[in-house]
Structures are given as structure tokens and as C-alpha cells.
Novice: 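Pasting a structure below so you can have a look.
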There are 2 protein chains.
Amino acid sequence: MSSQPVSAPTRREQILREAARLFAERGFHGVGVDEIGAAVGISGPGLYRHFAGKDAMLAELLVGISERLHDGGRTRMEEAAAAGLSPEAALDALIDGHIDFALDDRPLITLHDRELDRLRESDRKQVRKLQRQYVELWVGAVQAIYPELTQLEARVAVHTVFGLLNSTPHLSGSSALPDRETTAALLHRLARGALSAAPAGAAGAGARAKPQGSVRT
Amino acid sequence: MSSQPVSAPTRREQILREAARLFAERGFHGVGVDEIGAAVGISGPGLYRHFAGKDAMLAELLVGISERLHDGGRTRMEEAAAAGLSPEAALDALIDGHIDFALDDRPLITLHDRELDRLRESDRKQVRKLQRQYVELWVGAVQAIYPELTQLEARVAVHTVFGLLNSTPHLSGSSALPDRETTAALLHRLARGALSAAPAGAAGAGARAKPQGSVRT
DNA sequence: CCTTCAGGTTAACGCTCGCTAACCCGCCTG
DNA sequence: CAGGCGGGTTAGCGAGCGTTAACCTGAAGG
């Protein structure tokens, strides 16, 4: 919509990037506007030339990442459908897309599930809607492979896999990660492994998961 | 220290419980002392008869849960060793213990990986030490089953599985969970499935990786 | 050359919030 | 019955923080 075509890292974007980093590090309330300003070389109230307020920055960040996550997922699913890919390949594409986000935009991923309730009602509703749609994409992809899962089970499984993938930012501080490609591959295997074990019939890693009679909320 | 043996839900514990809930809901900085007081029926500064300050509450909460997590894990591992259980059963015990925490003490679990850096240096060091020891317990249990994993891979896998298990608090708000037992079993399968897929050799959907009859306790 | 305006600056206001001060009261205990 | 004392209360201080006001400046544009 009103997002500029972007060409060079404009000041607004600089501010958003630094704000995201700081918010993720110390929490929304834990960061002062002076700090954000200092991080981009201007001081304090200069930010108000670019944003209506601190809240507006958070809103733009959260809405932005929700949109990008959802758009990325939807695009991948459409491409998979167009290319006639298998359900497995489609799910793999979703996973890889999410991993890219988790590894490239760690601060945003952190914010995304940490500061949602600091938003104005309208913004929060929009973010939640996008999140829900994104989850539904995943649920659909998962159920295409494991049809024996109930809607509820699939949703829980998807949420927890998000938790798994989004936990990468956490361990950046304390322990070092392997190189990006190795990490991505490991995360992919872990996510896939978790989902493959979701059906009640599947023990550790069942290949065939017969419809088990016990399915019911 | 001067911690009493406790017997009935004393006022201190009431305060801690409510503080945990509020901190988890709105963040440490997002909750005022007046609110915490109101939650237990007293108002504002009355809290200072029980705690040195707001920081002290957070510190006690975080140190407390770290200790309980670690102690619980260590106890389970010792019992497993004493009973001569298989590595698989030992890991299952760890997973079940963590699931109990995640389901019973959601606010604390949330706090645990969200507000760690609001602590005084000494407290933070203690919490991190306990966390590290707890992680090492898991890493040991995992490597006993999957010796082909490097130390680093195992650590990453364990961290992400924590992310998976700890994500339950998140979806309590938006979507309802199945009953506790069903949820616990599902979480167990997901965690086990993720770990079983950690070794690079294991294919995504895991056709192999030994079927494990891992039943809950 | 004068104007405009984007993008800064510093000063200051007002509110919130953690915490302290001062006071109070019911209940044991000697 | 006196007197601690545990556990409250309200009033208020002081710091921090988001935000606004007022002012400045350098570069485009007619």
C-alpha cells in the first residue's frame, strides 16, 4: 500500500531497524526514545519528525513483519501449487521461508511474539488476523500430509513448531550457532521431525501413520 | 537463607504468584507495584513489608524456577540411573518433567526466557548457571541416544525443543488447548520427534530412526 | 536574494511509577 | 494492662520518560 519502493536505507528504515534491535534486547518499555535516537545518530525528539511516537514504531514493526511472514508463506504455497509440488515439498517451502525469517530478522521475530499486546486495538487486530491466516496456511499444509490430525492437534503442532523455529534468536547470545546453512538444515530437520511425530499413531518417527481411532478433540 | 519451610499459601507466595502472572501478561516494566498489591488485596507499598522491591520479586521468581527446573531434571536423571532405565526412558522423563512445568507454571516459563536481563548481575549469573546445567543434563541425555550428534548440534536441538515446549503458554490466550493429558502426550511426541530428526542422517519425515515405544510415565 | 521546508537541536512540562515516611491497629506475650 | 511488632494504610518525593514547544540551519527554487 503506502510502502515506498525503497532504494537506499532511508532514515525511517534505519530507525526501524535499530528500534527493533533495541526492543528485542530490552523490551519495549525498557528502551527510551533517546536511546533509539542515539542509535541512529540523532538525539531524542528528532524521531518525531519521522514517527508519531514510540507506539507508532512498534506498530509499524509488528504489522510489517506479520505482513511479510504471511505474504511470504502465501506466495510460497501458490508457487508450490502452480508447480504441482507434493504436499511434502510445499511444507518444506513453508519451513524454509520461516527459517529465513528466523535467521535474518531475529529481533523482529522476537518482538513478534513478545510485545503484541502493547499495540493499539486496531493494529493488534490486524496483526492477529495476519498471524491467524499464516497459521492456517501451515495447518492446511500439515493436514495435507497428516490428514489424521484433528484441526486442534494440527494447530497446536504448528504453534509449537513456530516456537521451535523462533527459539533461534534466544541462543544467539549465550552460545554460538553453526554457520547459517548448517543451522538452517538442522532447524528444518527438527521442525519436520516434530511434525512427523504429531499423529498419535506415530511413535518416534513413524513412516506410515494409519488413521488411529482415537482422534477426537 | 531465611526462607521458611512454608506450609500454607502464605502471603509472600500469593504475591509471587500474582506477580508472575502479571509480569508474564504485560512484561516486567508494564506492571506497577500498585497493580501487584491490588491483585492480592493490599495496596501499593504494602508489598514492601514482604519484599525489598519490585526487582526482588522478579529475582526470586526467576531464581526459583531455574532451581526447580534444574532440580527436577537432576532428580529425574538420578532416579533413571538408579533404576537402570534406558537412555530413551531417561529422556522421556526429562521431557515429561519439562512439560509439567510448561503446563503448570506457564507464567513462570514465560518470564524465564523473557525478563532475564532485568536482573542484577549476580542473580542473572546464578540463573544462567542453573540454566546451563539444566541444558547440559538434556544434552547428555540426547547424546546418549544420538551419539552421532556434535555437542553444538545437540545443544541447538535442545534449545529449540525448549522453545517448542515453552510455546504452550502462548496459545493459551488465543486458541483453546485440548485437555491436559492429550496436550502433554502431543507435546511429548512433538519433542521426541524433533530430537529423533536431529541427526543429519535422519530424513525429514523420518522413515527410520527406530520406532520408540515412548509412553508417558 | 528571499522563502520554504525537511530535519535537526535543546528546554521544559507533565505524568507515571518505584519507593520512603509517618502513622495506625490488632494480636500475642509477659 | 503494657508494649512490641507484624502487617497494613495514605501522602508524597524524586527520577525517568514520552511528548511538545520553540528555535535553528542548510539546501532547493523561483
Side-chain angles (χ1 to χ4, degrees), chain A residues 2 4-62 111 115 117-121 123-124, chain B residues 1-62 111 115 117-121 123-124:
Chain A
S2 54
Q4 18 257 69
V6 298
S7 51
T10 169
R11 174 108 309 173
R12 260 185 85 88
E13 295 169 323
Q14 253 187 75
I15 295 172
L16 283 177
R17 179 184 317 273
E18 293 305 307
R21 188 179 53 81
L22 290 168
F23 288 162
E25 277 174 12
R26 298 210 285 288
F28 180 68
H29 290 294
V31 179
V33 289
D34 290 359
E35 253 171 308
I36 303 174
V40 297
I42 73 183
S43 235
L47 296 172
Y48 287 76
R49 298 285 164 196
H50 303 276
F51 293 93
K54 202 179 153 195
D55 296 349
M57 299 181 207
L58 182 65
E60 193 155 326
L61 285 172
L62 291 186
L111 279 187
E115 312 276 8
D117 18 336
R118 274 75 173 173
L119 258 53
R120 293 197 351 261
E121 173 67 14
D123 291 326
R124 188 170 50 230
Chain B
M1 315 291 227
S2 54
S3 63
Q4 20 259 76
V6 299
S7 52
T10 170
R11 173 106 313 168
R12 260 186 84 89
E13 296 169 323
Q14 253 186 75
I15 295 172
L16 283 176
R17 180 184 316 274
E18 294 304 308
R21 187 178 53 80
L22 290 168
F23 289 161
E25 277 173 12
R26 298 211 285 288
F28 179 69
H29 289 293
V31 180
V33 289
D34 290 0
E35 253 172 309
I36 303 174
V40 297
I42 73 183
S43 235
L47 296 170
Y48 288 77
R49 297 287 164 195
H50 304 275
F51 294 93
K54 201 180 153 194
D55 296 349
M57 300 182 207
L58 182 64
E60 193 155 326
L61 284 171
L62 291 186
L111 279 188
E115 312 276 8
D117 17 336
R118 273 78 174 171
L119 257 54
R120 291 195 353 260
E121 173 66 14
D123 291 325
R124 189 170 48 229

Novice: With a 4.0 Å cut-off on heavy atoms, is B:V31 in touch with a base, just the backbone sugar-phosphate, or nothing at all?
Specialist: sugar-phosphate
Novice: Would you kindly compare B:D55 and A:P45 by the position of their nearest DNA chain C nucleotide and give the one closer to the 5′ end?
Specialist: A:P45
Novice: Can you tell me if CZ on A:R17 sees more than 12 non-hydrogen neighbours from other groups inside 6.0 Å?
Specialist: no
Novice: Would you kindly give the CZ-to-P distance between A:F51 and D:dG18, to the nearest whole Å?
Specialist: 15 Å
Novice: Which nucleotide in the list D:dG8, C:dG8, C:dT9 gets nearest to the side chain of A:S43?
Specialist: C:dT9
Novice: Quickly work out the A:I15 CD1 to C:dG7 P distance and round it to whole Å.
Specialist: 10 Å
Novice: Please compare A:V33 and A:R49 by the position of their nearest nucleotide in DNA chain D and report the one closer to 5'.
Specialist: A:V33
Novice: Using the side chain to side chain contact (heavy atoms under 4.5 Å, CB included) criterion, which residues pair with B:R118? Sequence neighbours excluded.
Specialist: B:F28, B:H29, B:L58, B:E115
Novice: Expressed as a whole number of angstroms, how long is the span from B:L47:CG to D:dT10:C1'?
Specialist: 15 Å
Novice: Measure from CD1 on A:I42 to C1' on C:dT10 and round the result to the nearest Å.
Specialist: 14 Å
Novice: Using side-chain heavy atoms (C-beta onward) and a distance below 4.5 Å, is B:R11 in contact with B:R49?
Specialist: no
Novice: Using atom NE2 of B:H50 as one end and atom P of D:dC5 as the other, report the distance to the nearest whole Å.
Specialist: 17 Å
Novice: Report the distance from atom CG of A:D34 to atom P of C:dT10, rounded to the nearest whole Å.
Specialist: 10 Å
Novice: What is the distance, to the nearest angstrom, from the CG atom on B:L58 to the C1' atom on C:dG18?
Specialist: 15 Å
Novice: Just so I know, are the side chains of B:T10 and B:E13 near enough to count as touching, which here means a heavy-atom distance under 4.5 Å?
Specialist: yes
Novice: Could you tell me the separation between the NE2 atom of B:H29 and the P atom of C:dC15, rounded to a whole number of Å?
Specialist: 23 Å
Novice: Answer with base, sugar-phosphate or nothing: what part of the nucleic acid does B:G44 contact at a heavy-atom distance below 4.0 Å?
Specialist: nothing
Novice: Evaluate the side-chain proximity of A:D123 to A:L62: yes if any heavy-atom separation is below 4.5 Å, no if none is.
Specialist: no
Novice: Applying a 4.0 Å non-hydrogen cut-off, can you work out what B:G32 is touching in the nucleic acid: base, sugar-phosphate, or nothing?
Specialist: sugar-phosphate
